[in-house]
Amino acid sequence: GDSVTQMEGPVTLSEEAFLTINCTYTATGYPSLFWYVQYPGEGLQLLLKATKADDKGSNKGFEATYRKETTSFHLEKGSVQVSDSAVYFCALRYPGSSNTGKLIFGQGTTLQVKP
Amino acid sequence: DGGITQSPKYLFRKEGQNVTLSCEQNLNHDAMYWYRQDPGQGLRLIYYSQIVNDFQKGDIAEGYSVSREKKESFPLTVTSAQKNPTAFYLCASSRLPEGPGELFFGEGSRLTVL
């Protein structure tokens, strides 16, 4: 079945370090891919998305490219801040009326940024 | 402002009691979803609804029930049949169930069974 796998956390970085959180997926069709962020005690917020192969999603300095050949959607940021400390979820979703429209999530990766 | 409102934010329940979590959206979205979040397990789908008066079971529906009498409301009842109900519950909605777009989430409700 369809699934999303993220690198295990926690990931601990110093401020201004480069961030990569790996995400790979297994899918039979052509899903849309998402990164969501969850700050402590809150719901999920959409960080970025990509709807087709080779698309690059970007927001707030974060980027991820939809790589169909490697079935990956790795999240990157060139210089992290303490305020980026959160849990990051990779997810996929299928379009099409035959599908539920539900999101399939990875297990989440906790990022801790130290000053 | 448009969004999704969940209440209560925190809820405590004694074993054997049913509790209902509220979810209201004013985004005019057709589809609504309930997810359960446990530490280290990501989010798992409990129930979803693509249209008023219709809903389907997700991956972990046992011990839960829902209703969708109005487009903007999708309450979740955690029944006494749910063996391990302590968790963080998230409600979400999307514009079209068949669209490729994102889900919008509420702030969540944390249920603790005493």
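Source: prediction; values computed, not measured. In the text below, chain A, chain B and the rest are named by the order of the sequence lines, each starting its count at 1. Hydrogens, waters and symmetry mates are skipped; everything else that's a heavy atom, side chains included, is used.
- At a 4.5 Å heavy-atom cutoff, the contact between L44(A) and chain B is made by backbone and side-chain atoms alike.
- For the atom pair CD of E102(B) and CG of L47(A), the computed distance is 12.0 Å after rounding to the nearest 0.5 Å.
- Taking hydrophobic clusters as Ile, Leu, Val, Met, Phe, Trp and Tyr residues chained together by side-chain heavy-atom distances below 4.5 Å, F104(B) does not share a cluster with F74(B).
- The CD atom of Q107(A) sits 13.5 Å away from the CG atom of D38(B) when rounded to the nearest 0.5 Å.
- Considering CD of E107(B) and CD of Q45(A), their distance stands at 7.5 Å, rounded to 0.5 Å.
- Within 6.0 Å of NZ on K68(A) lie no more than 12 heavy atoms contributed by other residues, nucleotides or ligands.
- Contacts of E8(A) with chain B are absent, with no heavy-atom separation under 4.5 Å from either backbone or side chain.
- R93(A) places a side-chain heavy atom less than 4.5 Å from the side chain of S94(B).
- Note: the hydrophobic cluster containing V113(B) does not contain F88(B) (ILVMFWY, side chain heavy atoms under 4.5 Å, direct or indirect links).
- At a threshold of 4.5 Å between side-chain heavy atoms, the hydrophobic network of Ile, Leu, Val, Met, Phe, Trp and Tyr places V80(A) and W35(A) in one connected group.
- F105(B) contributes atom CZ, which lies 14.0 Å from atom CD of E42(A) (distance to the nearest 0.5 angstrom).
- Formation of a donor-acceptor pair under 3.5 Å by the Y33(B) side chain with backbone atoms of L103(A) is not found in this model.
- Other residues, nucleotides and ligands place more than 12 heavy atoms under 6.0 Å from the CG atom of L27(B).
- Transitive grouping of hydrophobic side chains (ILVMFWY, heavy atoms separated by less than 4.5 Å) keeps Y89(B) and L45(B) in distinct clusters.
- Counting heavy atoms of neighbouring residues, nucleotides and ligands inside a 6.0 Å radius, atom CD of E16(A) does not exceed 12 of them.
- Taking CD1 from I104(A) and CG from L43(B), the interatomic distance works out to 12.5 Å, rounded to the nearest 0.5 Å.
- Summarising the local packing, CD of E69(B) is surrounded by 12 or fewer heavy atoms from other residues, nucleotides or ligands at distances under 6.0 Å.
- Taking the side chain as every heavy atom from C-beta outward, L103(B) and Y36(A) approach each other to under 4.5 Å.
- In this structure, the side chains of Q37(B) and F105(A) stay at 4.5 Å or more apart for every pair of heavy atoms.
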